[in-house]
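The structure appears right after this line, and notes come after that.
Naming convention: chains lettered A, B, ... in sequence-line order (proteins, then strands); numbering from 1 in each chain. No hydrogens, no waters, no symmetry mates; every other heavy atom, side chains included, goes into these values.
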2 protein chains.
Amino acid sequence: MSSKYPAGRLPEPPSPIADDGDETHFCGTCAFSSACIAAGYDKPELAELQCLVEHVGPFRAGEHIFRTGDPFRAIFAVRGGTVKTRMVDKEGREQVLGFYLPGEVIGLNAIYPEHFPCDAVALDTAFFCRFSFPAMSALAARVPAVQQHLFRMLSKELGTASLLAGDHSADERVAAFLMDLASRYAARGFSATRFHLSMSRGDIANYLRLAAETVSRVLSRFRNQKLIQIEGRELHLLDPAGLRKIGQALLPD
Amino acid sequence: MSSKYPAGRLPEPPSPIADDGDETHFCGTCAFSSACIAAGYDKPELAELQCLVEHVGPFRAGEHIFRTGDPFRAIFAVRGGTVKTRMVDKEGREQVLGFYLPGEVIGLNAIYPEHFPCDAVALDTAFFCRFSFPAMSALAARVPAVQQHLFRMLSKELGTASLLAGDHSADERVAAFLMDLASRYAARGFSATRFHLSMSRGDIANYLRLAAETVSRVLSRFRNQKLIQIEGRELHLLDPAGLRKIGQALLPD
DNA sequence: CGCGCCTTTGACATCGGTCAACTTTAGTGG
DNA sequence: CCACTAAAGTTGACCGATGTCAAAGGCGCG
């Protein structure tokens, strides 16, 4: 499946979920696949996972998967495409909280408040597995691997503030952002050196707490330094080691 | 119990856990009390909660509750005192991740990596309930209220990035920080307008991504504007509404 | 084809960081 | 109880990275 999306760009929308394999196999990039494997594909519990999951989409760029204030009933695993989550304060200023790639999960921050605390907006054509949360927690109580998986996903997301931490220069932030995207694409089997930026410079800037102009300038500088090749939103990391060094203070290891 | 700590300041250390009540009651400020109540104090499950909890402390100011890299075995609920969590990057720069007051829980971000990703350091004399996490998740599988409580705690912590979000002025950040502390103290039954700042200006600044001098200047300005009264680390909020207005972009509601 | 949004680049302004000096507080030992 | 020291906090002067404003070009979409 991943080979169909060589640069994170989706093919044309028609009949997009068709090749999802037989009913007892979820998409290979699904964030829950490890839980499924742990439970064993032939166990009766799997039938229940089948019941509580629902394929939704396509959502086109700009469409909402959920909105601030919507009652929380389910979490969503990205099957294809890209999503940004954002909050909009009462003065109307947008604050981008994160970007989510295939295999990643959105909506976990809505469990406690029981309403979504943010919007989720598709950045390109996107598809999801929708998991009913009440059904999911009921299953978790009977299948330890599912419970553990939920705990781990929640805990993992707690460690995601790193890119925003500290008073770091624009260069550090942008370099770390690119390397973070690269490693997340790599973790799902996509290329770690060539991919498409589904989000605008403005979204990147907002997420990194910079001005759009600053992001643009940094990217231009990186290009001049032969660290990257970039044309519009098509990105090629020419010197990942160099970028990693620049962003090291913000990156794991 | 909370009435013993009128301004978040602890009494002298000797025999500090003595008045913890009988064995079937945890401290009233404990983050788990709602789970205990949900399960019912007389249920047999409570005996198991008793088994997996362990009172630890006192830790003196500067002592570590856990360190980066320690294997994850338990989470800690603050029973008294204050804690900061922090990461130290390889250049030795400290990054304060958060402050934790009585009733709040630390260590949740270690579930996924299975090792603590940060240090936890006592800011004053501090006590904890230590919950074995393996025992806790086993119990969660059998007691839905405990599972739900864990999910909610994890999810709640996901929403805690707000104070650091966005490109906001130093005034906004400091005002929001003070109001956030006030509401957290209030939620635990302490005064919302008078409390002790257990952390240094440097820690506050680091947490808010400012320089210590900036925090000092902002606090001085707030004092001149009669928004607060502050003497050393003793704080009195004279105009909470005014502070809330300044920090509104970063505060809930 | 034309409109709007995104992106790039330049000129300038500013908030907050850095450096430095000084004061205050807390801790230690005589 | 006081003297001494180190750390924390305050305040001022200066400077630089980044935001803001502006203009122009490019790209996609209707």
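Other residues, nucleotides and ligands place no more than 12 heavy atoms under 6.0 Å from the CZ atom of Arg67(A). Other residues, nucleotides and ligands contribute more than 12 heavy atoms inside 6.0 Å of the NZ atom of Lys90(B). Crowding of Glu231(A) atom CD: a count of heavy atoms from other residues, nucleotides or ligands under 6.0 Å not exceeding 12.
Between the CG atom of Asp167(A) and the C1' atom of dG16(C) there is a distance of 10 Å, given to the nearest Å. Atom pair His196(A):NE2 and dC6(C):P shows a separation of 14 Å (rounding to whole Å applied). Distance, Arg217(B) CZ to dC19(C) P: 14 Å, rounded to whole Å. Here the P atom of nucleotide dT14(C) and the CG atom of Asp171(B) are 17 Å apart, to the nearest Å. What separates CD1 of Ile230(A) from P of dC6(C) is a distance of 16 Å, to the nearest Å. Nucleotide dC6(C) holds its P atom 14 Å from the CE atom of Met199(A), rounded to whole Å. We find that CZ of Arg201(B) is positioned 11 Å from P of dT25(C), with the value rounded to whole Å. Between Phe222(A) atom CZ and dT8(C) atom P the separation is 13 Å, expressed in whole Å.
Using a 4.0 Å heavy-atom criterion, one finds that Gly202(A) contacts the sugar-phosphate atoms exclusively. Looking at heavy-atom distances under 4.0 Å, Ser216(A) makes contact with a base. In this structure, Arg221(B) reaches neither bases nor backbone, as no heavy-atom distance under 4.0 Å exists between it and the strands shown. Residue Leu219(A) is out of contact with every strand shown, counting any heavy-atom pair closer than 4.0 Å. Note on Arg173(B): nothing from the nucleic acid sits closer than 4.0 angstrom, heavy atoms only.
Along DNA chain D, read 5' to 3', the first and last nucleotides having any atom under 4.0 Å from a heavy atom of chain B are dA8(D) to dA13(D).
Taking the six-membered ring where tryptophan is involved, the planes of Phe177(A) and Phe99(A) are perpendicular, since the angle between them exceeds 60° and thus also 30°. Using cut-offs of 30° and 60° on the angle between ring planes, the pair Phe76(A) and Phe66(A) is tilted.
With rounding to the nearest 0.5 Å, the separation of CD1 in Ile106(A) from CZ in Phe128(A) is 5.0 Å. Interatomic distance, Asp180(A) CG to Arg173(A) CZ, rounded to the nearest 0.5 Å: 14.0 Å. Distance check: Ile246(A) CD1 to Asp171(A) CG gives 6.0 Å after rounding to the nearest 0.5 Å.
Proximity of Thr214(B) to the phosphate of dG17(C): a side-chain N or O atom is located under 4.0 Å from OP1 or OP2. Distances shown here put a side-chain N or O of Ser220(A) below 4.0 Å from the OP1 or OP2 atom of dT9(C).
Residues Phe195(A) and Leu197(A) meet the side-chain proximity criterion, which asks for heavy atoms closer than 4.5 Å.
The base of dC19(C) sits with one of its N or O atoms less than 3.5 Å from a complementary donor or acceptor on the side chain of Glu213(B).
End-to-end axis angle of the helix from dC1(C)-dG30(D) to dG30(C)-dC1(D), using five pairs per end and rounding to 10°, comes to 50°.
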Evaluate Leu97(B) against Met87(B) for side chain to side chain contact (heavy atoms under 4.5 Å, CB included), listing each step before the verdict.
CA-CA 7 Å; Leu97(B) 302 178; Met87(B) 296 177 68; 3.6 Å; yes
